[in-house]
2 protein chains.
Amino acid sequence: MDTRHMRYFVALAETLHFSQAAARMNMSQPPFSRQIAAIEKTLGVRLFERNSRNVVLTTAGKHFLNDCRSVLAGFEAACRDVQLVASGAKGELKLGFTMYAAQGIVPKLVRLLSDAAPDVRLVLEERLPSDIDELLLESRLDAAVTLGNPTARHLQTRFLARDRLRLIVHADHPLASAEQVGAQSLTSERLIAAPASVVPTLRSAIGAYCAAGGIVPHFALEPRLQHTIIRLVGEGLGVALIPQSLCSDLGETIVSRPLIDPPEFDVVLCAPTASRNPAVGRLFELVKQLSF
Amino acid sequence: MDTRHMRYFVALAETLHFSQAAARMNMSQPPFSRQIAAIEKTLGVRLFERNSRNVVLTTAGKHFLNDCRSVLAGFEAACRDVQLVASGAKGELKLGFTMYAAQGIVPKLVRLLSDAAPDVRLVLEERLPSDIDELLLESRLDAAVTLGNPTARHLQTRFLARDRLRLIVHADHPLASAEQVGAQSLTSERLIAAPASVVPTLRSAIGAYCAAGGIVPHFALEPRLQHTIIRLVGEGLGVALIPQSLCSDLGETIVSRPLIDPPEFDVVLCAPTASRNPAVGRLFELVKQLSF
DNA sequence: CCATTTGATACCTCCAGAGTATCAATTCGC
DNA sequence: GCGAATTGATACTCTGGAGGTATCAAATGG
């Protein structure tokens, strides 16, 4: 028994006519009749009542017809789906992202992918930048939206957007009314920033910016989450340099000011160079066609 | 592509070893390798990443493995089920019955069948005896529990039980206190009975009984349902001869009395002689082993 | 009663799939 | 580092099963 036999059976069950069914199967009647007989013999079940004039399904044949149709449908779906999965049009994509970079970009990316490949189940995972590289290399993430990191090996990256840092201070802070702020203005400020182990890209950018301005930054507090940094600035416990894209909706108590010659950094899509998941290729293809 | 190919694929996906998988398929490694290559070629999809030392599933291969397993399971279930249907162990059985005969017997029959063949979906339909023959011949019923009917052609029957008629009268009726009742006692009674067109067996039995007693019965009312007959007797509108098996639980206002030399009739299981439904054969087999 | 239709049978052909022998590449132990 | 062993790929051969053609047998209908 094979799917071919099932197809023969279905053809005969639908036409109830050996010659017509054989024609539908692109073959002549005699071998077709033999195949039907072979099916009945191997199953040990009479599927058709037939005299040389009429063909009619038995009760068992009717049941078998239903079963064959669903088996054949499943069979063809399997063969079709495997091609879709291979092409990246179907499957699962675990996409990591970090709030340090994700503002506005991840929703666009999700929309883009779910429009172009609705059968790809997208699993979103928010992580700290430092965790993302590790998860990608362990294949626990397929791709991620994160900060550009020159040290990333074994990772392919694609530029998504360029962002710059901006100063945020409490509304009562003297710098709140400054038009622009240079590095020197930060000399005696209590800086709040995530530790280098969590967000190396931003932390090194801040360090470089201060060094260029000839000052030594004083990092008073080092929380891990962007959200916490903003909260602490709101409490007046210090000032911070955060991505411009995160400076909307800071609330009443926090004011953001542009920096003179601000540090810039890339927001990138990245994935393991030898990703096993075809959906990753698809995602990169889609991103190519897009400009943020 | 065929189920055989799927089996090969699953074997390799489970062992990740060509020689072992080939052995499991009872064949040698070279043709097995070729079949795997052929699958990948016809699908146009790489299912395994392999060098001469390691074999590992691709993402598409993993999906395909799941799909293949369910397709193969469905395939085998279909081949198995068709045999069960043919043997009468699975399928549907539309069983008709009539309240004139069914008291106590149908529940036993249902229990019997659902114990012996739980995969046979039993559809019960209560009908008048006259309808049952017709529905059986039209194959709108597969089998039925009804009154023995000597005129039934094209029907196979099997004896289930023998029943006899009994007189029921209103509690205030003079015959209510009679020990036994003969046909002569019915001379001037208003008889209530279903019309011959509805229950020919009982009606002719009643007719013969009266004729044997030398009286001409007076059928005052001719409702179609047994239940209605009993209600009308309860209203004192006449007397009736009904199956003994229906004489329990008649209520306060109705009294049943045995007849002298009562008319007897068979309760039978019957089905079209050339029934297409194997479950019917099964049912008859089961009934053979049973005595009511 | 004969022509037509339809499924079954007999016989032949051929290719897909299985077998054997062998090769090539990688790994591992000494 | 080199040889032995393991493992998948390749080349060639062969066989069984699936399909083709010709034909028959039975049933239907004008």
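None of these values were measured; they are calculated from a predicted model. All chains are named by letter (A, B, ...) in the order of the sequence lines, taking the proteins before the strands, and each is independently numbered beginning at 1.
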**Q** Find the distance R7(B):CZ to dG17(C):P and express it as a whole number of Å.
**A**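 It works out to 14 Å between those atoms.
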**Q** Which residues pass the side-chain contact (heavy atoms from CB on, under 4.5 Å) test with D119(B), sequence neighbours left out?
**A** K90(B)
**Q** Taking all heavy atoms of A86(A) and all of V45(B), pick out the closest pair and write down the distance.
**A**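 Looks like CB-CG1, 3.6 Å.
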**Q** Return the set of residues passing side-chain contact (heavy atoms from CB on, under 4.5 Å) with E125(B) (not counting sequence neighbours), or none when no residue passes.
**A** R127(B), L141(B)
**Q** Which residues satisfy the side-chain contact (heavy atoms from CB on, under 4.5 Å) test with R276(A), sequence neighbours excluded?
**A** E49(B), T59(B)
**Q** For the pair made of CZ in F48(A) and P in dG7(C), what is the distance, rounded to whole Å?
**A**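 After rounding, the reported distance stands at 11 Å.
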**Q** Taking only residues two or more places apart in sequence, or in another chain, which ones meet D131(B) in a side-chain hydrogen bond (donor to acceptor under 3.5 Å, both in side chains)?
**A** none
**Q** Between H5(B) (NE2) and dA18(C) (P), how many Å, whole number?
**A** 8 Å
**Q** Over how many whole Å does the gap from N54(A) atom CG to dA8(C) atom C1' extend?
**A** 16 Å
**Q** Whole angstroms only, please: what is the CD1-C1' distance between I36(B) and dT7(D)?
**A**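 Atom-to-atom, I36(B) to dT7(D), this comes out as 15 Å.
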**Q** What are the residues of residues 10-19 of chain B, sorted by number, that bring a heavy atom to within less than 4.0 Å of DNA chain D?
**A** H17(B), F18(B), S19(B)
**Q** Measure from CG on L47(B) to C1' on dG8(D) and round the result to the nearest Å.
**A**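 Between C1' of dG8(D) and CG of L47(B): 16 Å.
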**Q** Under the side chain to side chain donor-acceptor pair (under 3.5 Å) definition, can you give me all pairs with a residue in residues 17-26 of chain B, not counting sequence neighbours?
**A**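 Matches after skipping sequence neighbours: E14(B)-R24(B).
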**Q** Can you tell me if Q29(A) uses its side chain to pair, donor with acceptor, with the backbone of A22(A) under 3.5 Å?
**A** no
**Q** Think R50(B) has a side-chain N or O under 4.0 angstrom from the OP1 or OP2 of dT26(C)?
**A** no
**Q** I need the CD1-P distance between I39(B) and dG17(C), as an integer number of Å.
**A** 10 Å
**Q** How would you list, by chain and number, every residue that makes a side-chain contact (heavy atoms from CB on, under 4.5 Å) with P118(A), sequence neighbours excluded?
**A** none
**Q** Enumerate the residues from residues 20-34 of chain B whose closest heavy atom to DNA chain D is under 4.0 Å, giving them by residue number; use none for an empty result.
**A**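 Those residues whose heavy atoms fall under 4.0 Å from DNA chain D, taken from residues 20-34 of chain B in numerical order, are Q29(B), P30(B), S33(B).
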**Q** To the nearest Å, give me how far apart CD (E49(A)) and C1' (dT6(C)) are.
**A** 17 Å
**Q** Sequence neighbours excluded, which residues qualify as ring pair (Phe, Tyr, Trp, His ring centres under 6.0 Å) partners of F75(A)?
**A** none
